[in-house]
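Order of appearance sets the numbers: ligands from 1, and atoms from 1 within every ligand. Counting from 1, the numbers follow the sequence of the chain as shown.
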Amino acid sequence: MSKLHIVANRLPYSLVKEEDDYSLIESVGGLATGMKSVYTEYGGKWIGWSGINSDDLSQKESEKIDELLLEKSCVTVPLSEQEILEYYEGFSNKTVWPLFHYFTQYVDYSPENWETYKRVNQRFADRVLEVAEDGDTVWVHDYQLLLVPEMIKSVKPNVTVGFFLHIPFPSYEVFRILPWRMELLKGMLGSDLLGFHIYDYERHFLSSVRRLYGYEIAFNQIHAEDRIIKADSFPMGIDYEKFRKTSAAVMQKTIQERSDLHKELEKYFMTSPDRRLILSIDRLDYTKGIPQRLKAFRKFMERYPEFHGKVTLVMLAVPSRGNVDEYMMLKKEVDELVGNINGTYGNINYTPVWYFYRAMPFENLVELYNMSDVALITPLRDGMNLVAKEYVASRGNQTGVIVLSEMAGVSKEMGEAITINPINEDEIAEALHRALIMPLEEQKERMGYLQERIQRYSVFKWAGEFVESLEKVKKLQKEFLVKKISSDVFNEINVKYKKAAKRAIFLDYDGTLTAFHKNPQEATPNDELYDILNRLIADKKNTVTIISGRDRYTLEKWFADVPINLICEHGVWLRKYGEEWQTLTKVNNDWMPIIRPVLERFVDRTPGSFIEEKNYSLVWHYRKAEPEQSLIRANELKDELLDLVGNLNLEIMEGSKVIEVKSGGINKGIAANQFINNEQFEYLMAMGDDWTDEYMFKELPSEAITVKVGIQRTSANFKLESVDAVRKFLRKLGE
Ligand code: ADQ
């Protein structure tokens, strides 16, 4: 039975050493909760690091720990202190983390860290490969393991790989800075499905793929060389019920049962009933905008003296990466700002900022969520931000206001929050004021909508939808495989081929026999291709024809020494080997002076694009142009042309990065049929990669072997994934 395995930097358990023995504590974090529901249900393993560096463990201890964790279906990946330093604290947290959060000034470009990152990713992948069998699914998590998907896929292509990125994916302009950008993308592209919190990150990712790898992207499907890869957004949720229930339970406790924190908070409210609490919770990280938040609070105090003595900001900061320079500087800055505000506005009975530099037990966290009037969440960048969702889930009486950074992924789901720009201190100060004076009715209305939404899309739903989506990608890929020429199918084709006494073979050129080139004139045939064609032609039973959209001049030059037939410009011209060029169809060019200026206008507006003029058609090429802009332009151009072509009996053909306008009544299908007319071929075959080749696939007699190169939809009977596959196929034919 197929299983689902999880791969993440950390396992969902922490180890506690008691004298000579170890025991496990279950993690309660969002990811652990969501994932546990998945991998236990599908009987898989969780592969990750145990949290203890392997230098500190004897062989016996390691074995003991491995055993203990295996009972929980966890497989450990051992990491030494040096590796943690270079892979985790180094490349993950000093290179990828700052870069992906747009803190380019903090990015460390250490090649040593990169080498260790690769090595450790390989170790994770190796562990997965030991565990996962063909047909299984593996779900890899986050920025520490960007290379793992490809490392799995390249060895076990029949394992389905999903990847989820928990942090933002930056815009191409930022991503491109990284010296190892190609390798990181390649690693991610080993996945079958890539998940992001929000559409913006997905969009940035696709744009980097398009620019760096040049793959076709239709909607959110990447057409890589041999596979369809899907990218999609899945906004991560929380265990809503757990927060809701704990919150309700905490508030029902008797005074004696309440926690110390709870009692302190009650005391605070008792001294004056109009006292208000503002809550701020995060890891102490420079991406979270903590200094800016404190400055905005100071501004609020400056502007609204009527709130002095009445408002307290409770600020929880979980210590994080404390031995890294930037984090030490941040800690110092935060300490100073808190001191400054408390010194300026505080007195013996009043402390404006309560600052806790530590993690809190879950129950206390919920108490704070429950008792705070405002949640002040102002990260400069944040993949999602679960604190905002946890606050919503804990609000039993449906009051409370969220002041939320527009730079957090979660803001896309929280239209009812007061959104702010986290750099704009004035705006935050005003938003705080607005939140504090918001009427209860309005608070309840907003919170009601938020609760409904956050409850519905919980972490379980999130995990479930990702897995379901992976299944769908698998299906999509299978559809491709159905037409793929397997070795059995090849054998059948080869039997027919060998039996036939007379064969006609039509081969498209660009994208079929040769890979695309930015400059079409440079896509020249190489020795390997000449060799393949010459061997085909050497068999006297074969009539081989190159059938292309290209102009006569180029093909004639390239194939001057090859005894081959040429059909050019999609079927306007035919040159049988040893004969003169002849037109297959009578056409006129009266329309060209009308259409050319339209195309020229598009060339002017789309740098890098150009017009090619053929005898009977005009082509707008945009392979060299900026990819995203040119796609928009291509759609605009088609739109404009559609209005014109009807009256002029023209056809618009869309090829790979080209739009071609030509006289109607000409296409590769008509041309191929005319070519075989009156001759008795026993074996017909046509191969091509783009839309214009579909005419051949549809119009040739039904017994023809038609082969589409690429994974897109087609009316051909068979598919091959790449130019390489075509060359191999042609070489083997007849053997
Ligand atoms: P984080 O950067 O860690 O996660 P976030 O999503 O806010 O950010 O999660 C923080 C978690 O820590 C919350 O569950 C919160 O309850 C807990 N926490 C915070 N302060 C605490 C304290 N003092 N004591 C105890 N617990 C505390 C990364 C990305 C996010 C993304 C998540 C999930 O940076 O953008 O939302 O992963 O994908």
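- At under 3.5 Å, a nitrogen or oxygen of Glu390, whether backbone or side chain, sits near a nitrogen or oxygen of ligand 1.
- Between Asp285 and Lys288 there is no salt bridge, since no side-chain nitrogen of the basic residue lies less than 4.0 Å from a carboxylate oxygen of the acidic one.
- A salt bridge links Arg258 to Glu266: at least one charged side-chain nitrogen sits closer than 4.0 Å to a carboxylate oxygen.
- Residue Lys288 holds the heavy atom nearest to atom 2 (O) of ligand 1 of all those in Lys288, Met360, Lys389.
- Shown here are the side-chain hydrogen bond (donor to acceptor under 3.5 Å, both in side chains) partners of Tyr201, two or more places apart in sequence or in another chain: there are none.
- When heavy-atom distances to ligand 1 are checked against a 4.0 Å cut-off, Thr287 has no atom that comes that close, whether in backbone or side chain.
- Counting non-hydrogen atoms of neighbouring residues, nucleotides and ligands closer than 6.0 angstrom, the NZ atom of Lys444 reaches no more than 12 such neighbours.
- At a 4.0 Å heavy-atom cut-off, ligand 1 does not touch Tyr357 at all.
- Of the candidates Asp382, Asp285, Leu386, Val387, the one placing a heavy atom closest to atom 30 (C) of ligand 1 is Asp382.
- Residue contacts with ligand 1 for Met384 involve both N, CA, C or O and side-chain atoms from C-beta outward (heavy atoms, distance under 4.0 Å).
- Listed by first and then second residue, the ring-ring contact (aromatic ring centres under 6.0 Å, His included) pairs involving residues 312-336 are Tyr286-Tyr327 (not counting sequence neighbours).
- Only the backbone of Arg358 comes within 4.0 Å of ligand 1, counting heavy atoms alone; no side-chain atom from C-beta on gets that close.
- Between Gly383 and ligand 1, at least one N/O pair is under 3.5 Å apart.
- In this structure, Phe307 has its ring center under 6.0 Å from that of Phe300.
- Remark: Lys331 is positioned above the aromatic ring of Tyr357, its terminal NZ or CZ atom under 6.0 angstrom from the ring centre and at most 45 degrees off the axis.
- The proximity of Tyr369 to ligand 1, defined as any non-hydrogen pair under 4.0 Å, is limited to the side chain.
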